[in-house]
Amino acid sequence: MFHNQKNWSLITLLILLVTGLSITACSGSAPSGGISGGQITPTNGKLEIPVAGISDGKAHHFQVKSEDGTMVTFFVLKSADGVLRAAIDSCDVCYRSGLGYYQEGDNMICKNCGQKFSSNKINVIKGGCNPAPLDRTVVGDKLVINMRDINMNSWYMKYRQS
């Protein structure tokens with residue numbers, strides 16, 4: 001009987017492990033078509049992101065809590081023309097959907113309306129369904145975004161579920 005109970009315990013453990021892995025994979029910790037940079041914390045009113053970790057041409061999504069308590073999601077990427085770009089993961093038109101963007105090749109695509117935006121136009125074209133731009137600078141080996149800019153754009157995230 002002990003041998004049988006041990007087998008059932010092992011089988012149960014394997015089922016729980018596989019279920020846990022499936023749930024984690026399906027939970028979408030990284031937005032579709034991008035890389036999750038995770039939650040970051042400002043230092044002295046600034047977000048500092050190491051350039052080396054975001055220079056691969058892929059969109060990296062980050063979250064930061066604004067001063068009004070709203071969790072703000074934004075993405076950064078190095079576009080095909082070599083410029084580091086940053087934008088709120090939302091736009092003036094589709095923000096109520098709370099869905100944001102995913103990357104496909106050199107384009108960011110709205111998860112709500114399907115519009116495609118060339119990465120080299122992010123921070124250049126503003127308004128409408130374009131990703132809401134964030135001012136950013138490169139200081140040494142860090143991309144720097146002022147929390148003032150995040151705080152001014154937190155309203156885009158009011159409809160975001162998580």
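Just so it is clear, the values below take in all heavy atoms, side chains as well, and ignore hydrogens, waters and symmetry mates.
Looking only at distances, a side-chain donor or acceptor of Asn123 sits under 3.5 Å from a matching main-chain atom of Leu134. Between the side chain of Asn120 and the backbone N or O of Asp81 there is no donor-acceptor pair closer than 3.5 Å. Judged purely by atom type and a 3.5 angstrom limit, Asn107 has no side-chain atom pairing as donor or acceptor with the backbone of Ile109.
Minimum heavy-atom separation, Ala86 to Val76: CB-CG1, 3.6 Å. In plain terms, the two heavy atoms of Gly57 and Leu77 that are nearest each other are O-CD1, 4.4 Å. Of all heavy-atom pairs between Cys129 and Phe117, the closest is O-CZ, 2.7 Å. Residues Ser66 and Met147 share a closest heavy-atom pair of CA-CE, 4.2 Å. Shortest non-hydrogen contact noted between Ala80 and Ser119 is N-OG, 3.8 Å. Heavy atoms only, all atoms of each residue included: Ser55 and Leu84 are closest at OG-CD2, 4.3 Å.
Hydrophobic cluster membership is shared by Val138 and Ile40, with clusters built from Ile, Leu, Val, Met, Phe, Trp and Tyr side chains linked at under 4.5 angstrom. The hydrophobic cluster containing Phe75 does not contain Val93, counting ILVMFWY residues as joined when their side-chain heavy atoms lie under 4.5 angstrom apart, directly or transitively. Transitive grouping of hydrophobic side chains (ILVMFWY, heavy atoms separated by less than 4.5 Å) brings Tyr159 and Ile150 into a common cluster.
Within the 4.5 Å cutoff, side-chain heavy atoms of Arg136 are placed close to those of Val83. Lys158 has its side chain out of reach of Arg96: every pair of non-hydrogen atoms, C-beta onward, lies at least 4.5 Å apart. Residues Ile54 and Phe62 have side chains in contact (heavy-atom distance under 4.5 Å, counting atoms from C-beta outward). Tyr101 is not listed as a side-chain neighbour of Gln103, based on a closest heavy-atom distance of 4.5 Å or more. Here the side chains of Leu99 and Cys94 are not in contact, with every heavy-atom distance at 4.5 Å or above. When side chains are defined from C-beta on, Asp141 does not count as touching Pro50, because their heavy atoms never get closer than 4.5 Å. Using a 4.5 Å heavy-atom threshold, the side chains of Leu143 and Lys78 count as separate. Side-chain contact between Asn153 and Phe74 is absent, with no heavy atoms from C-beta onward closer than 4.5 Å.
In this structure, Val124 shares a hydrophobic cluster with Ile125, the cluster being traced through Ile, Leu, Val, Met, Phe, Trp and Tyr side chains under 4.5 angstrom apart. Other members of the hydrophobic cluster containing Val144, listed by chain and number, are Val139; membership follows side-chain contacts under 4.5 Å among ILVMFWY residues, whether direct or relayed.
Here Met152 contributes atom CE and Asp135 contributes atom CG; the two are 7.5 Å apart, rounded to the nearest 0.5 Å. We find the CD-CZ distance between Glu67 and Arg148 to be 11.5 Å, quoted to the nearest 0.5 Å. Here Asn146 contributes atom CG and Thr137 contributes atom OG1; the two are 7.0 Å apart, rounded to the nearest 0.5 Å.
Ion pair Lys111/Asp89 not flagged as a salt bridge, since none of the NZ, NE, NH1 or NH2 atoms sits closer than 4.0 Å to an Asp/Glu carboxylate oxygen.
Contacts classified as ring-ring contact (aromatic ring centres under 6.0 Å, His included) and involving residues 125-158 (residues at least two apart or in different chains) are given here: Tyr95-Trp155.
Shown here is Gln39, whose CD atom has more than 12 heavy atoms of other residues, nucleotides or ligands within 6.0 Å.
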Steps toward side chain to side chain contact (heavy atoms under 4.5 Å, CB included) verdict (Val72, Ile88):
CA-CA 8 Å; Val72 176; Ile88 296 290; 3.7 Å; yes
